[in-house]
Amino acid sequence: MTETTITPTKTIDECGKICPYPDVDTMTTLKKMNKGEILEVLIDYPLSVERIPRSAQKNGHKVLSVTQVDGPTHSIIIEVLGLK
Amino acid sequence: MTPIVSGLLVGVLFGFALQRGRFCMNSAFRDIILGRDFTLFKALAAAILVSMIGFSIMAMTGIITLAPKPLMWGGNIVGGLLFGVGMVLAGGCASGITYRTGEGMMGAVMAVLGFGLSAMMGATGVLNPILKSLQNTKIMTADDKPLTLANIAGLDLKITMLALAILIIVIWVVLAMRNKSSEQSFGGKSKSLGEAIFKKGWNWLPTGIVVGLIGILSFPLSAAAGRNYPLGVTGGWVNIFQSLIKWQAVVEEKIKVTALNWEGAEVLGIVLGALVAALIAGEFAIRAPEPKILLQTLAGGLLMGFGAVVSSGCNIGHILSGVPQLSIGSIVGGLSIVAGGWTMAYFMFIRPMNA
């Protein structure tokens, strides 16, 4: 994937957190954001790297990318689309 | 094969599979009510069914003797509830915190320390009288056998296990074909087999099958080492802590404990296998949550360790190894773990999220 030019509206750092805080934080943040805004989640917990895109999609949002940043740390870019 | 080598071998395979499959029962159960995600629950169900078929065939061919745990309703219920509450606080079940120790997660390390300490306190320490009174609720069959779903209905255990597993699989396949859900995956589309095994997380079905197969492998190997039971975690940690703390009493034969037995080696293997898997996948890093959360995982571990010895089994001993043998004690213990977990998850995550 080429470098994205998308600038996130908001970034949350969930590195080091234990199960399921990264997921809960992401979902509560998405709920508070407006349609069309972009959320970036920085996360190093393998289970949530896979589960956050799944649940974001289930809630009607669009997952734009999941990229490895460094070691276990990933950046998940989500476009807010879901109904509130 | 010596018990240590055989235990380590099974443990390393198990730890590798747990890390690759992100297999954790705390998540498997909690995700059902938090986010309606059934991914890990399906992996768990697949693992139980594979083990159930394997155990029954091995029992029919005389390779193993089935060993369902007896029902001790007081211990099973109270211990299971404590364990369930504890695993939500700890952020992982007994096997979850064990494999995440290998990923370098300090929250899990704290939980393991709490788990070992309170399991020892229950098994041989100050909390033992409470454990004994709760476990003094044993109910056996008329001919003094552990209660199973088979013998309460007057059926043969091996055949019931096989028939039930096949029946559930058929129903599952039919239901799955009826409502096909499209599962989208992210990241690299075309991947080599090596990459799929060592770099990417496994899907739920291969995870479940591999975990089930490791359960099958563990039974005869553990039995050959004098412990007639498949995978376990609680007994392993108790053995490791006991060996470390009571070494002199062990060598002077004041207490009858094998310094590092099969299950202890298996648990060490889980940590090692997960470490190797995480290193290969580039998922290893020493990291810690904030201090308050570290205290929370320690408290969770303390509840889980005591709960597991009181219930005479953790999520692995009861749910992964006991449920396939249709033990009523393991079913009651397992359901209590789920009940404790759901209650705690509701108050910690679901209620605040909807507030």
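Note: hydrogens, waters and symmetry copies are ignored here, and every other heavy atom, side chains too, is used. Chain naming here is simple, since letters A, B, ... match the order of the sequence lines and numbering starts at 1 in each. The model shown is predicted, which means the values in this text are computed figures rather than measured ones.
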Task: Short side-chain donor-acceptor distance under 3.5 Å, A:Y45 and B:R287 - done: no

Task: B:L34 versus chain A, the contacting section by heavy-atom distance below 4.5 Å - done: side chain

Open item on the list: Between A:D70 and chain B, with a heavy-atom cut-off of 4.5 Å, which part of the residue counts as in contact: side chain, backbone, both or neither?
Closed with: neither

TODO: Indicate yes or no: does A:R51 engage B:D37 in a salt bridge with an N to O separation below 4.0 Å.
DONE: no

- [ ] Would you mind checking which part of B:M105 comes under 4.5 Å of any heavy atom in chain A, side chain (CB onward), backbone (N, CA, C, O), both or neither?
- [x] side chain

TODO: Apply the test side-chain contact (heavy atoms from CB on, under 4.5 Å) to residues A:Y21 and B:I293: give CA-CA distance (whole Å), side-chain angles for both, the deciding distance (0.1 Å), then the verdict.
DONE: CA-CA 10 Å; A:Y21 287 99; B:I293 301 289; 4.0 Å; yes

Task: Per-residue contact mode, B:F23 against chain A (heavy atom under 4.5 angstrom) - done: neither

Open item on the list: Using only atom types and a distance under 3.5 Å, with no angle test, would you say the side chain of A:K58 pairs donor to acceptor with the backbone of B:R36?
Closed with: yes

Task: Portion of B:L279 that has a non-hydrogen atom of chain A nearer than 4.5 angstrom - done: neither

Task: Heavy-atom contact with chain A under 4.5 Å, split by part of B:M106 - done: neither

Open item on the list: At a 4.5 Å cut-off on heavy atoms, which part of B:E103 comes close to chain A: side chain, backbone, both, or neither?
Closed with: side chain

- [ ] Among B:G107, B:A108, B:G282, B:G92, single out the residue with the greatest number of heavy-atom pairs under 4.5 Å to chain A.
- [x] B:G282

TODO: With a 4.5 angstrom heavy-atom cut-off, could you sort out which part of B:A90 is near chain A: side chain, backbone, both or neither?
DONE: backbone

